[in-house]
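Shown next, in structure tokens, is the structure this report addresses.
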Amino acid sequence: MASSETDVRPSEARLRLLGAASRIFYAEGIHSVGVDRIVAEASVTRATFYRHFPGKEDLVLAYLRGADQAIRGQVEEAVTAVAAGLPASDALRAVAASIAEGIRSSGFRGCAFLNAVAEYPDPDHPVHQAVLAHRQWFLDTVTTLMARIEQTSAESAAQHFVMLRDGAMAAGCLFDPELICETFLRGVDGLVRTHAARQPS
């Protein structure tokens, strides 16, 4: 007999808790938001909260896992397209375009991971470690795409890409997002062109 969808799908209460927490953490910060606020926003009891999350830190980590999965989904579309024949240069531009789309979105408040790590500066804290793991994955993925274009300077080009991305994410919630995105996309295009020009003739 086939199993029901409820056997594999998270409970509605857990989804509500995570949805409320993700929205509030991103908009207002993590330390400033208590469990009572999240419980009230999600319309559940404290007992229900603790049944799904042993503590607030577990909820914060779940929030970051959700953000990580969303970004991986966008980036891995570009990686898959390269495997299917799309030039790596176009894939990198597609990754940049997805970043720009996020910056232009309503309610944008910068990078969820950089925001979180600013509140958890201890490098041994699980939240800090989750941020580092996400950023290492992103850098490794961009490095792999850069290496498809030119191998020897791929690592430095990828680091440059990440710095452009971080700058755009920081400036995008302070200044005109259209101008920031235009500058960011132009910078990535120039980086990709310069990197490609390093290919041995």
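One-based numbering along the sequence shown. Predicted model only: the values in this text are computed from it and were never measured.
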Handout entry: Worked check of side chain to side chain contact (heavy atoms under 4.5 Å, CB included) between Lys56 and Ile30
Key = CA-CA 10 Å; Lys56 182 181 173 182; Ile30 297 171; 4.1 Å; yes
Contact between [X] and [Y] at the side-chain level, heavy atoms closer than 4.5 Å - yes or no?
X: Arg72; Y: Thr141; answer: no
X: Leu59; Y: Phe49; answer: yes
X: Pro126; Y: Leu61; answer: yes

How long is the span from the [atom1] atom in [X] to the [atom2] atom in [Y], to the nearest 0.5 Å?
X: Thr143; Y: Phe161; atom1: OG1; atom2: CZ; value: 10.5 Å
X: Leu132; Y: Trp137; atom1: CG; atom2: CH2; value: 15.0 Å
X: Ser11; Y: Arg51; atom1: OG; atom2: CZ; value: 8.0 Å

Between [X] and [Y], is there a shared hydrophobic cluster once you connect ILVMFWY residues whose side-chain heavy atoms come closer than 4.5 Å?
X: Met163; Y: Ile99; value: no
X: Leu191; Y: Ile180; value: no
X: Phe25; Y: Leu15; value: no
X: Tyr50; Y: Leu17; value: yes

Practice task
Return each pair, listed once, that meets side chain to side chain donor-acceptor pair (under 3.5 Å) where at least one residue sits in residues 22-34; pairs must be two or more places apart or across chains.
Solution key: Arg23-Glu41, Glu28-Arg37
Practice task
Not counting sequence neighbours, list each pair that qualifies as a side chain to side chain donor-acceptor pair (under 3.5 Å) and has a residue in residues 187-196.
Solution key: Arg93-Asp189, Ser153-His195, Asp189-Arg193
Heavy-atom donor-acceptor pair, [X] side chain to [Y] backbone, under 3.5 Å:
X: Asn115; Y: Gly29; result: no
X: Asp90; Y: Leu86; result: no
X: Arg16; Y: Ala42; result: yes
X: Arg109; Y: Ala27; result: yes
X: Thr48; Y: Val44; result: no
X: Ser105; Y: Phe108; result: no

Exercise for the section: Step by step, work out the side chain to side chain contact (heavy atoms under 4.5 Å, CB included) result for Phe53 and Arg14. Expected result: CA-CA 9 Å; Phe53 300 100; Arg14 188 183 193 281; 3.6 Å; yes
Which heavy atom of [X] sits nearest to which heavy atom of [Y], and what is that distance?
X: Arg165; Y: Arg135; answer: NH1-NH1, 3.8 Å
X: Ile149; Y: Ala196; answer: CG2-CA, 3.6 Å
X: Cys181; Y: Ala100; answer: SG-O, 3.4 Å
X: Val188; Y: Leu92; answer: CG1-O, 4.4 Å
X: Leu64; Y: Ala112; answer: CD2-O, 4.4 Å
X: Gly172; Y: Pro177; answer: O-CB, 4.1 Å

Handout entry: Residues Asp68 and His134: side-chain donor-acceptor under 3.5 angstrom
Key = yes
Problem - Check: Gln136/Asp140 side-chain N/O donor and acceptor closer than 3.5 Å - result: yes
Practice task
Step through the shown structure and confirm whether more than 12 heavy atoms of other residues, nucleotides or ligands are within 6.0 Å of CD on Glu101.
Solution key: no
Exercise for the section: Assess whether side chain to side chain contact (heavy atoms under 4.5 Å, CB included) is satisfied between Gln151 and Met146, documenting all intermediate values. Expected result: CA-CA 7 Å; Gln151 180 71 47; Met146 289 291 185; over 6 Å; no
Exercise for the section: Dump the intermediate steps for side chain to side chain contact (heavy atoms under 4.5 Å, CB included) on Arg198 and Thr152, then the final yes or no. Expected result: CA-CA 9 Å; Arg198 294 176 182 270; Thr152 57; 5.7 Å; no
Problem - His128/Tyr120 aromatic ring centres below 6.0 Å - result: no
